[in-house]
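Below is one structure, written out as structure tokens, with a few remarks after it.
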Amino acid sequence: MTAKLSSTLTPFARRVLSVVSRIPAGRVATYGDIARRAGRPGAARAVGNIMRTARRPGLPYHRVIASGGQIGGYGGNVQLKISLLIAEGHVIRRRRIAGFLNKRW
DNA sequence: CCCATGACCGTAT
DNA sequence: AATACGGCCATGG
């Protein structure tokens, strides 16, 4: 018998996480980008909330950054986020991803 | 249903 | 470049 394994996530949250899971390594997407791809352009702030809340192992949360190539948050550990981004080949300058426009998903 | 939150965003100082 | 504001929006209490 199939038990109820569906997460408690709302439909929107599921779409958001689904989109995030598809961001290729070496590329980045802004909260606004995610919102747009999830079908809710303008819900960038809400996306941030979902990132903060939904802890789903394996998803590349670090590839979701703020507008203009700024770093954004990472559950209180922005340093780790920066490290992960650098590990994927990015260069951070003055709190921003260098050449952001070309690495944007 | 109303209200407070906040890993946001664009514009103006 | 840094800070301040107002606007936006999906959640959860």
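Letters A, B, ... are given to chains in the order of the sequence lines, protein chains preceding strands, and every chain is numbered from 1.
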Handout entry: Distance below 4.0 Å between A:Arg40 side-chain N/O and C:dC9 OP1 or OP2
Key = no

Using whole Å, report how far [atom1] of [X] lies from [atom2] of [N].
| X | N | atom1 | atom2 | value |
| --- | --- | --- | --- | --- |
| A:Arg36 | C:dC9 | CZ | C1' | 17 Å |
| A:Leu9 | C:dT11 | CG | P | 9 Å |
| A:Leu17 | C:dT11 | CG | C1' | 14 Å |

Exercise for the section: Tell me which residues in residues 43-60 of chain A put a heavy atom below 4.0 Å from DNA chain C, sorted by number, or none. Expected result: A:Ala43, A:Arg45, A:Ala46, A:Asn49, A:Ile50

Exercise for the section: Go through residues 28-35 of chain A and report each residue with a non-hydrogen atom lying under 4.0 Å from DNA chain C, sorted by number. Expected result: none

Handout entry: With sequence neighbours excluded, residues passing salt bridge (charged side-chain N to carboxylate O under 4.0 Å, His left out) with A:Arg45
Key = none

Problem - Counterpart residues, salt bridge (charged side-chain N to carboxylate O under 4.0 Å, His left out), relative to A:Arg104 (two or more places apart) - result: A:Asp33

Practice task
Output every pair passing side chain to side chain donor-acceptor pair (under 3.5 Å) with a member in residues 17-29 of chain A, not counting sequence neighbours, ordered by first then second residue.
Solution key: A:Ser18-A:Arg22

Say you draw a straight line from [atom1] of [X] to [atom2] of [Y]; how long is it, rounded to the nearest 0.5 Å?
| X | Y | atom1 | atom2 | value |
| --- | --- | --- | --- | --- |
| A:Ile50 | A:Leu17 | CD1 | CG | 6.5 Å |
| A:His90 | A:His62 | NE2 | NE2 | 7.5 Å |
| A:Trp105 | A:Ile34 | CH2 | CD1 | 6.0 Å |
| A:Arg63 | A:Lys81 | CZ | NZ | 12.0 Å |
| A:Asn77 | A:Leu84 | CG | CG | 9.0 Å |
| A:Ile92 | A:Ile71 | CD1 | CD1 | 5.0 Å |

Problem - Trace of the side chain to side chain contact (heavy atoms under 4.5 Å, CB included) decision for A:Val20 with A:Met51 - result: CA-CA 10 Å; A:Val20 171; A:Met51 300 285 99; 3.8 Å; yes

Handout entry: Heavy-atom side-chain proximity of A:Tyr74 to A:Ile65 below 4.5 angstrom
Key = no

Practice task
Indicate, with a heavy-atom threshold strictly under 4.0 Å, whether A:Tyr74 touches base, sugar-phosphate, or nothing.
Solution key: base

Handout entry: Span of DNA chain B in contact with chain A (heavy atoms, under 4.0 Å)
Key = B:dG6 to B:dG10

